[in-house]
Amino acid sequence: MKTSWRSASLAATAVSVMALTAACGSENVTTPSSAAQNVGATAAAGGYGSVGATATASTGAGNGYGADGQQAAAAEPAGQLSVANNPDLGKVLSDGAGLTLYRFDADTANPPKSNCDGDCATAWPPVPANDATAGAGIDKSLLGEVTRTDGTKQLTVGGWPAYRYAKDVNAGDVNGQGVGGKWYALAPDGKKATLASLPGLSVRKDAKLGDIVVDKNGRTVYRFLKDKAWPKSVSNCLGACAEKWPAVGIVSANDTKGVEKKGLMGFTRSDGVKQMTVDCWPIYTFSGDTAAGQTNGQGVGGTWYAVSPEGKPVGAPAK
């Protein structure tokens with residue numbers, strides 16, 4: 001049985017956590033990696049960082065395919081396929097119009113077979129195979145076709161039949177992601193799209209700010225100058241502020257890379273939310289950052305700044 005590198009040194013982490021607790025005050029709490037919150041998690045359900053409208057088959061009444069009331073439309077040609085970078089899913093396969101392509105868990109890839117017909121095919125229009133071509137970053141040998149029950153030819157990617165989603169209207173929409181627990185955006189290799197695995201917290205070199213801390217989705221992490229770290233961690237961003245600046249959930253110390261270990265721990269806020277700290281300072285993401293690598297929260301209100309690997313506010317005015 002293989003063991004994840006994130007949990008392999010849990011015992012060693014527990015020892016280091018005990019030492020860190022005294023540094024930030026006895027009320028701080030830690031969570032083992034097996035029970036850690038997702039980075040960016042907040043107390044409210046469906047908070048910042050969720051992917052599109054991750055509806056389930058139960059949303060809306062009717063056919064159970066996630067697009068009730070949609071009318072069947074003529075199949076649009078696939079055109080030249082391209083690779084889009086989604087901040088939550090990584091590399092996602094798109095058609096010539098920029099619409100996300102999906103795969104269905106009830107289908108098979110070896111041999112290729114589509115099990116989406118009737119109302120299902122209305123909600124999830126099959127992508128025609130006849131004119132599909134591979135754009136940059138796509139291995140054309142992975143493109144194929146399967147004959148559907150109605151005799152039409154459907155595009156396959158890595159053997160998986162490809163679909164669009166009726167509720168995706170604009171290029172880049174991923175409203176079909178996770179619908180019914182069976183529909184997922186396609187990666188260029190035909191697998192389910194997923195962001196490259198980053199540690200819970202790591203360091204990115206920004207062209208303007210230098211080394212800054214990012215979460216597991218590559219989003220910039222911030223500090224609030226009105227918070228406190230000593231003698232214990234205190235967040236002063238609550239209520240409406242917390243909606244704009246979601247607290248970074250607790251991350252195991254051995255699920256980090258390049259971040260100073262001193263004062264790297266979690267605590268429970270006055271509103272009950274468990275929040276991560278770097279150098280005992282509470283850390284946040286910014287709702288105005290809609291993609292990995294953005295730093296739109298830098299300097300907001302003269303109180304919000306990106307975090308250095310040592311926990312310092314990058315670019316903050318000297319006191």
Task: Centroid-centroid distance, Phe104 to Trp160, less than 6.0 Å - done: no
Open item on the list: Using only atom types and a distance under 3.5 Å, with no angle test, would you say the side chain of Asn85 pairs donor to acceptor with the backbone of Lys91?
Closed with: no
- [ ] Determine whether the side chains of Lys228 and Ser233 contain a donor N or O and an acceptor N or O closer than 3.5 Å.
- [x] no
TODO: Can you measure from CG (Asp107) to NZ (Lys182) and round to the nearest 0.5 angstrom?
DONE: 10.5 Å
Open item on the list: Is the distance from the ring center of Tyr102 to that of Trp124 below 6.0 Å?
Closed with: yes
Task: Side-chain donor/acceptor of Thr277 to backbone N/O of Asp279, under 3.5 Å - done: no
Open item on the list: Working to the nearest 0.5 angstrom, can you tell me the gap between Gln177 CD and Leu89 CG?
Closed with: 4.5 Å
Open item on the list: Between Val174 and Asn86, is there a side-chain heavy-atom distance shorter than 4.5 Å?
Closed with: yes
Open item on the list: Is there a continuous path of hydrophobic side-chain contacts, each under 4.5 Å between heavy atoms, that joins Leu186 to Leu99?
Closed with: no
Task: Closest approach of Gln275 to Ala247 (non-hydrogen atoms, all atoms of both residues) - done: CD-CB, 3.5 Å
TODO: First locate atom CG of Asp117, then atom CG of Asp150, and finally report the distance between them rounded to the nearest 0.5 Å.
DONE: 7.0 Å
Open item on the list: Minimum heavy-atom separation for Asp189 and Leu142, please, with both atom names.
Closed with: CA-CD1, 3.7 Å
Open item on the list: Quick check: closest heavy atoms across Val278 and Val259, and the distance to 0.1 Å?
Closed with: CG1-CG1, 3.9 Å
TODO: Please check if the side chain of Asn175 supplies one atom and the backbone of Lys167 the other of a donor-acceptor pair under 3.5 Å.
DONE: yes
Task: Check: Asp206 side chain, Lys208 main-chain N or O, donor-acceptor pair, under 3.5 Å - done: yes
Open item on the list: Show me the pairs that pass salt bridge (Lys or Arg N to Asp or Glu O under 4.0 Å) and involve residues 93-102, at least two apart or across chains.
Closed with: Asp95-Arg164
Open item on the list: Checking Arg148 against Ser114: is there a side-chain donor and acceptor pair closer than 3.5 Å?
Closed with: yes
Task: Nearest heavy-atom neighbours spanning Leu155 and Ala132 - done: CD1-CB, 3.8 Å
TODO: Treat each ILVMFWY residue as a node, draw an edge where side-chain heavy atoms are under 4.5 Å apart, and state whether Tyr305 and Val213 are in one component.
DONE: no
Open item on the list: Strictly distance-based, threshold 3.5 Å: is any side-chain N or O of Asp173 a donor or acceptor partner for the main-chain N or O of Val169?
Closed with: yes
TODO: Determine whether the aromatic ring centres of Trp245 and Phe286 lie less than 6.0 Å apart.
DONE: yes
- [ ] Kindly say whether Asn110 contributes a backbone atom to a donor-acceptor pair with the side chain of Thr108 at under 3.5 angstrom?
- [x] no
Task: Atom of Thr147, atom of Lys153 and distance for their closest heavy-atom approach - done: OG1-NZ, 2.7 Å
TODO: Hey, could you give me the SG/NZ distance between Cys241 and Lys226, rounded to the nearest 0.5 Å?
DONE: 9.0 Å
- [ ] Give, for atom CD of Glu260 and atom CD of Glu310, the distance between the pair rounded to the nearest 0.5 Å.
- [x] 6.5 Å
Task: hydrophobic_cluster_shared for Val92 and Tyr163, side chain cutoff 4.5 Å - done: yes
TODO: Establish whether Tyr165 and Leu101 are linked, either directly or via other cluster members, by ILVMFWY side-chain heavy-atom contacts under 4.5 Å.
DONE: no
TODO: Measure from the side-chain N and O atoms of Gln298 to the backbone N and O of Ala306, and report whether any donor-acceptor pair falls under 3.5 Å.
DONE: yes
Open item on the list: Counting C-beta onward and ignoring hydrogens, is there a side-chain heavy-atom pair between Leu225 and Pro313 closer than 4.5 Å?
Closed with: yes
TODO: List in chain and number order the residues that pass salt bridge (Lys or Arg N to Asp or Glu O under 4.0 Å) with Asp211, two or more places apart in sequence or in another chain; answer none if no residue qualifies.
DONE: Lys205
Open item on the list: Asp105: which residues meet the salt bridge (Lys or Arg N to Asp or Glu O under 4.0 Å) condition with it, sequence neighbours left out?
Closed with: Lys192
Task: Minimal non-hydrogen separation, Val83 against Pro188, with atom names - done: CG2-CG, 3.7 Å
Task: Evaluation steps, side chain to side chain contact (heavy atoms under 4.5 Å, CB included), between Asp215 and Thr285 - done: CA-CA 8 Å; Asp215 71 6; Thr285 52; 3.6 Å; yes
Open item on the list: I want to know whether Tyr222 and Trp304 have ring centres closer than 6.0 Å.
Closed with: no
- [ ] Check whether any side-chain N or O of Thr256 sits under 3.5 Å from a backbone N or O of Ala253 as a donor-acceptor pair, and report yes or no.
- [x] yes
- [ ] Give a yes or no on whether Tyr184 and Leu93 share a hydrophobic cluster (residues Ile, Leu, Val, Met, Phe, Trp, Tyr; joining criterion: side-chain heavy atoms under 4.5 Å apart).
- [x] no
Open item on the list: Looking at Asp255 and Pro199, would you say the former's side chain and the latter's main chain have a donor-acceptor pair under 3.5 Å?
Closed with: no
- [ ] Spell out, as yes or no, whether a donor-acceptor pair under 3.5 Å connects the side chain of Thr156 to the backbone of Glu145.
- [x] yes
Task: Distance-only donor-acceptor check, side chains Asp227 and Tyr284, under 3.5 Å - done: yes
